[in-house]
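So the structure is just underneath, and the comments pick up after that.
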Amino acid sequence: MNPRRVSRSIRIGDVTIGGGAPIVVQSMTKTDTRDVRATVRQIKELEDCGCELVRVAVPDVEAARALAGIKKGVSLPVIADIHFDYRLALMSLEAGADGLRLNPGNIGEPEKVKAVALAAKERGVPIRIGLNAGSMPKTADPNLSVAGNMVNAALVQVHRLESLDFDLIKVSLKAFDVPTTVEAYRSIAEKIPYPLHIGITEAGTPRQGIVRSTVGIGTLLYLGIGDTIRVSLTAHPREEVVAGYEILKSLNLRQHGPVLVSCPTCGRTEVDIIKLAGAVEERLLKIDKPIKVAVMGCVVNGPGEARDADVGIACGKGKGVLFKKGEKVGTVEEKDFLTALMAEVEELAK
Ligand code: SF4
């Protein structure tokens, strides 16, 4: 695995991105931003599962006005997502947005971009230049790859902000196509010092989207690229946050909550491990501590994995052996598998 790329750090509210800080997990609300109560509720749900930054769409004046109320109701830093209308960016800054996401390319005249950059600088609010493959400028060079054109378009916008003496910059270059995304980030990572927000755009429903995002985000992280991640899924944003942490945990880049080791089950299995592992997974969502829990389907390979975990169970017909920190601590009846295992987990989580 490559060492992490050295990037400059920026702060969005009280969260540091880049400069060697832990990779930040973020998501985006899916409520109508104008509905302050629903949006605040969803942001709190996201905070409860460990989300560290949240972005809200600001498509109109009413949404920009709602931001002030949303900010009052939540403690997570809030990023306003703006397209086309620079006045919405100015209003969002006034309403207390901690960050802006915009594509200066679709904001229009230099004076408008300048007004936003000045107002953001005055408040110390960073701007993410967020380019997607689907919204490339019409000036794209047909002789270059999609990734090459994305990088060039982003560089134009970076230089535009730099020429306004603005450097609280973060960049994203997302595509649905994983190789395009990886090529674009690898290229820009060598050309600018700013932190990178990484993700695969419009990745899809959880089944497809988590795989696609994991391959894309995981490849980049393995290459040392990426300071904050967002998994985009056609699902409740909580799923995005959970998937984000699982990606980081699988590369040992962050610890967040428990790790569940469970066997795939096979012809040796004599109890319903799929159901048991699902129930354990659901309950572990409420535990913060990084505990390793194993649910194994037999006494052949089960004890080995279960012993390696902080808490584990190796299940056989009607009975299971419970392990804690490598020691066998007892035998449990099948009806008590879940409660006995969770009792040990909760004990360790205290
Ligand atoms: S742990 Fe046992 S039941 Fe589970 S897959 Fe391995 S051999 Fe099969």
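For ligands, and for the atoms within them, numbers begin at 1 and follow the listed sequence. Here, residue 1 is the first one in the sequence, and each next residue gets the next number.
- Using a 4.0 Å cut-off to heavy atoms of Thr265, the atoms of ligand 1 that qualify are 5 (S).
- Taking 2.8 Å as the threshold, Cys298 does not count as a candidate ligand of atom 8 (Fe) of ligand 1, since none of its N, O or S atoms lies below it.
- Separating the CE atom in Met150 from the NZ atom in Lys174 is a distance of 10.0 Å, to the nearest 0.5 Å.
- Under a cut-off of 6.0 angstrom, the local environment of CD in Gln208 is crowded, with over 12 non-hydrogen atoms contributed by other residues, nucleotides or ligands.
- Atoms CG and CD, on Leu88 and Glu62 in that order, are 12.0 Å from each other to the nearest 0.5 Å.
- For ligand 1, the atoms sitting less than 4.0 Å from at least one non-hydrogen atom of Cys266 are 3 (S), 5 (S), 7 (S), 8 (Fe), numbered in the order shown with element in parentheses.
- For the pair Arg254 and Tyr245, the NZ or CZ position fails the cation-pi test of under 6.0 Å to the six-membered ring centre and within 45 degrees of the ring normal.
- Contact atoms of ligand 1 toward Arg268: 7 (S) (distance under 4.0 Å to a heavy atom of the residue).
- Side chain of Lys170 to backbone of Tyr194: no donor-acceptor contact under 3.5 angstrom is found.
- Residue-ligand proximity, Thr269 to ligand 1, at heavy-atom distances under 4.0 Å covers atoms 3 (S).
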